[in-house]
A.B. asks: 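Let me begin by handing over the structure; questions about it come next.
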2 protein chains.
Amino acid sequence: MTPEHPPDDDPDIEIRGLRIDILEGAFSWYIRTLDAVVSRDLDRRMAHLEIARGKGKITTLLLVDDYPGIRPSQIADVLMRDRPATGRIIDRLVDAGTIRREAAQDDQRAQALFITDKGHALADEVREIIRCQEEEFFDFIEPEDRDQFMRQLKRAYLKMRTKWD
Amino acid sequence: MTPEHPPDDDPDIEIRGLRIDILEGAFSWYIRTLDAVVSRDLDRRMAHLEIARGKGKITTLLLVDDYPGIRPSQIADVLMRDRPATGRIIDRLVDAGTIRREAAQDDQRAQALFITDKGHALADEVREIIRCQEEEFFDFIEPEDRDQFMRQLKRAYLKMRTKWD
DNA sequence: TTAGATGGTTGTGAAATGCAACCTTATGCT
DNA sequence: AGCATAAGGTTGCATTTCACAACCATCTAA
């Protein structure tokens, strides 16, 4: 406890009177905890959509919608996942009738992915759900903090990617 | 595209030349993406530890180590998970011989959890791994950004919790 | 003493994850 | 040309997770 600090500035984290040890200062803990709650909330919002649950389908769907003919390996690259995982995400989207596989013209090994009408409509729904969640769920972030927090996240993301590649 | 912005200030996110649609401005996307990579890294660091993988075991282990006699329901509260999920996390820790269940003295329904010697040693290993990851993995966060980013995360976490309760 | 709240467990069904092995087509080197 | 190697994708496998609902036991308060 360091009551000198204004509580909102660098608060000691205490949950129901419990301290969480070293995790209190760990980036990983906050990121993982935030993720769990955000993802659960998102799952619920998408529960009726037959592409609910899991972490690559939304991104994949929007990518295919925006880039007709995009290849699975490009998607894997964005998702930072291996190809089997990416392939299965695509499987589910194809099964749901939202996207379609074709052989790439210039490379017989590769596939070109295209959105279907159903998929396009779904993509719009998904965009709306994301928009809603950003508004409703993240309303706890003060307006004046939003830009800064977003900038931090973007920077963290970009640097992490750089490291990854 | 708004080239007026200095690239490091509010960068447009582009991955291998691909834009990610509405997700580019979505908190959820960055949190979920960061989580995936952080968690994978952590899994690898803990792969040899028989409590690897998953999102509640570390917190639970440290809580039991710090608060002898803590109850499952308290842990569920910290983890923001339901009791079945928490119960199974405890199962795994018990199976691994790291903690022990007893009946709570004051309430026959409840359990009191205690760390074992093995669990205590493991908790120390885990703390060390967390420390390492914070240093090595998150080295992409500039030193001068660390405090601020951490503050943002803590605030977000605290407010999210408030909302949750 | 009886109804309702609280603490935990079990059962179920649906998925996701990462890894390794495998097939096919391009590409590059000699 | 011809052969080795890289790149694109798929399949199989084993492990784990997740949320929800139903269920049993105990405690508490009207």
Side-chain angles (χ1 to χ4, degrees), chain A residues 16 32-33 35-60 69-77 79-96 99 101-113, chain B residues 16 32-33 35-60 69-77 79-96 99 101-113:
Chain A
R16 302 277 190 281
R32 282 157 57 92
T33 304
D35 165 78
V37 183
V38 172
S39 293
R40 189 164 22 192
D41 178 78
L42 189 55
D43 282 348
R44 276 202 263 260
R45 288 172 191 269
M46 308 228 327
H48 61 295
L49 279 190
E50 92 173 315
I51 64 156
R53 210 164 217 74
K55 254 176 203 158
K57 289 196 287 260
I58 294 176
T59 309
T60 302
I70 192 174
R71 299 217 211 144
S73 57
Q74 293 179 279
I75 293 175
D77 212 4
L79 297 182
M80 295 189 277
R81 268 198 188 54
D82 63 11
R83 276 183 301 230
T86 308
R88 276 165 184 140
I89 289 171
I90 294 171
D91 285 344
R92 306 202 120 259
L93 289 175
V94 170
D95 290 347
I99 67 177
R101 286 189 236 241
E102 288 186 15
Q105 305 221 333
D106 53 325
D107 186 338
Q108 285 306 310
R109 298 171 297 180
Q111 303 171 351
L113 302 176
Chain B
R16 305 273 191 279
R32 281 155 59 89
T33 304
D35 166 77
V37 183
V38 171
S39 293
R40 189 165 19 190
D41 177 78
L42 190 56
D43 282 347
R44 276 202 264 261
R45 289 171 192 267
M46 309 229 324
H48 60 295
L49 279 190
E50 91 172 319
I51 64 154
R53 213 164 213 73
K55 255 176 204 159
K57 289 195 287 260
I58 295 177
T59 308
T60 302
I70 193 175
R71 299 217 210 142
S73 58
Q74 291 179 281
I75 294 175
D77 213 6
L79 298 181
M80 293 189 279
R81 270 200 186 58
D82 62 12
R83 276 180 302 222
T86 308
R88 275 163 183 142
I89 290 171
I90 293 171
D91 286 343
R92 306 201 122 258
L93 290 175
V94 171
D95 290 347
I99 67 176
R101 286 190 236 241
E102 288 187 14
Q105 306 218 332
D106 54 324
D107 187 339
Q108 285 307 309
R109 299 170 297 180
Q111 302 172 353
L113 303 176

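Quick note on labels: first sequence line is chain A, next is B, and so on, each numbered from 1. The basis for the numbers below is simple: all heavy atoms, side chains too, and nothing from hydrogens, waters or symmetry mates.
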A.B. asks: Identify which nucleotide among C:dT25, D:dT26, C:dG8 has an atom closest to any side-chain atom of B:Ala110, counting heavy atoms from C-beta outward.
C.D. replies: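 Nearest to the side-chain atoms of B:Ala110, counting from C-beta on, is C:dG8.
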A.B. asks: Starting from C1' on D:dT28, measure out to CD on B:Gln108 and report it in whole angstrom.
C.D. replies: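 Value for this atom pair: 15 Å.
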A.B. asks: Grab the CD1-C1' distance between B:Ile89 and D:dT15 for me, whole Å please.
C.D. replies: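 Atom-to-atom, B:Ile89 to D:dT15, this comes out as 16 Å.
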A.B. asks: Holding to salt bridge (Lys or Arg N to Asp or Glu O under 4.0 Å), I want the full list of residues that pass it with A:Asp82, two or more places apart in sequence or in another chain.
C.D. replies: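 Partners of A:Asp82 by the salt bridge (Lys or Arg N to Asp or Glu O under 4.0 Å) criterion come out as none, since no residue qualifies.
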A.B. asks: Roughly, in whole Å, what's the span from CZ in B:Arg71 to C1' in D:dC27?
C.D. replies: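 Rounded to the whole Å, the gap is 11 Å.
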A.B. asks: Any side-chain heavy atom of A:Arg32 sitting closer than 4.5 Å to one from B:Thr59?
C.D. replies: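 Answer no - side chains too far apart.
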A.B. asks: Between C1' on C:dA16 and CG on B:Asp35, what's the gap in Å once rounded to a whole number?
C.D. replies: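 After rounding, the reported distance stands at 13 Å.
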A.B. asks: Map B:Arg92 and B:Asp82 onto DNA chain D by nearest heavy atom, then report which one ends up closer to the 5' terminus.
C.D. replies: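 With B:Arg92 and B:Asp82 compared, the 5'-side residue is B:Arg92.
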A.B. asks: It should be established whether A:Arg40 places a side-chain nitrogen or oxygen under 4.0 Å from OP1 or OP2 of nucleotide D:dC18.
C.D. replies: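 No, A:Arg40 has no side-chain N/O under 4.0 Å of OP1/OP2 on D:dC18.
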A.B. asks: B:Ala85 near the nucleic acid: base, sugar-phosphate alone, or nothing, with a heavy-atom cut-off under 4.0 Å?
C.D. replies: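 No contact.
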A.B. asks: Measuring from B:Met46:CE to B:Lys57:NZ, what's the distance to the nearest 0.5 Å?
C.D. replies: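 If I round to the nearest 0.5 Å, the distance is 7.5 Å.
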A.B. asks: Can you find a side chain N or O atom of A:Ser73 that sits less than 4.0 Å from OP1 or OP2 on D:dA7?
C.D. replies: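 Answer no for this pair, as no side-chain N or O of A:Ser73 is under 4.0 Å from OP1 or OP2.
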A.B. asks: Is any side-chain N or O of A:Arg109 under 3.5 Å from a base N or O of D:dA7, one able to act as donor and the other as acceptor?
C.D. replies: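 Between D:dA7 and A:Arg109, which were checked side chain against base, a qualifying N/O pair under 3.5 Å is present.
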A.B. asks: Does the side chain of B:Leu113 come within less than 4.5 Å of B:Arg71's, by heavy atoms?
C.D. replies: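 Heavy-atom side-chain distance check fails, nothing below 4.5 Å.
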A.B. asks: How close or far is atom C1' of D:dT16 from atom CG of B:Leu93, stated in whole angstroms?
C.D. replies: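 So the CG-C1' distance, B:Leu93 to D:dT16, works out to 14 Å.
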A.B. asks: Can you confirm whether B:Leu79 sits close enough to B:Ile89 that some side-chain heavy atom of one is under 4.5 Å from a side-chain heavy atom of the other?
C.D. replies: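 Counting from C-beta outward, B:Leu79 and B:Ile89 do come under 4.5 Å.
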A.B. asks: D:dC18, OP1 or OP2 - any side-chain N/O from B:Arg81 closer than 4.0 Å?
C.D. replies: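 For D:dC18, OP1 or OP2 has a side-chain N or O of B:Arg81 closer than 4.0 Å.
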A.B. asks: Between D:dT26, D:dC20, C:dA26, which one does the side chain of A:Asp107 approach most closely?
C.D. replies: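 When the side chain of A:Asp107 is considered, C:dA26 is the closest of D:dT26, D:dC20, C:dA26.
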A.B. asks: For C:dT17, take OP1 and OP2 only and decide whether either is under 4.0 Å from a side-chain N or O of A:Lys55.
C.D. replies: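 Checking C:dT17 against A:Lys55, no side-chain N or O comes under 4.0 Å of OP1 or OP2.
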A.B. asks: Report the nucleotide, chosen from D:dA7, D:dT11, C:dG8, that has the shortest atom-to-atom distance to any side-chain atom of B:Arg83.
C.D. replies: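 From the listed options, C:dG8 comes nearest.
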A.B. asks: Considering every strand and a 4.0 Å limit on heavy-atom distances, what is the contact class for B:Arg53: base, sugar-phosphate, or nothing?
C.D. replies: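 Counting heavy atoms under 4.0 Å across all strands, the contact made by B:Arg53 is with sugar-phosphate only.
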A.B. asks: In this structure, how many angstroms lie between the C1' atom of C:dA15 and the CG atom of A:Asp95, rounded?
C.D. replies: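 Rounded to whole Å, this separation is 14 Å.
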A.B. asks: Using only side-chain N and O atoms of B:Gln111, determine if any of them is under 4.0 Å from OP1 or OP2 of C:dT9.
C.D. replies: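 Yes, within the criterion.
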A.B. asks: Classify A:Asp91 by what it touches in the nucleic acid, base, sugar-phosphate, or nothing, heavy-atom distance under 4.0 Å.
C.D. replies: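 No contact.
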A.B. asks: Under 4.0 Å, heavy atoms only, any strand: does B:Arg88 hit a base, just the sugar-phosphate, or nothing?
C.D. replies: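 Answer is base: heavy atoms of B:Arg88 come under 4.0 Å of a base.
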A.B. asks: Roughly, in whole Å, what's the span from CG in B:Asp106 to P in C:dG7?
C.D. replies: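 Distance check: B:Asp106 CG to C:dG7 P gives 11 Å.
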A.B. asks: Return the CD1 to CD distance between B:Ile70 and B:Gln111, rounded to the nearest 0.5 Å.
C.D. replies: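 Between B:Ile70 CD1 and B:Gln111 CD, I get 12.5 Å after rounding to 0.5 Å.
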A.B. asks: Rounded to whole angstrom units, what separation is found between the CZ atom of A:Arg44 and the P atom of D:dC18?
C.D. replies: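 Whole-Å distance recorded here is 14 Å.
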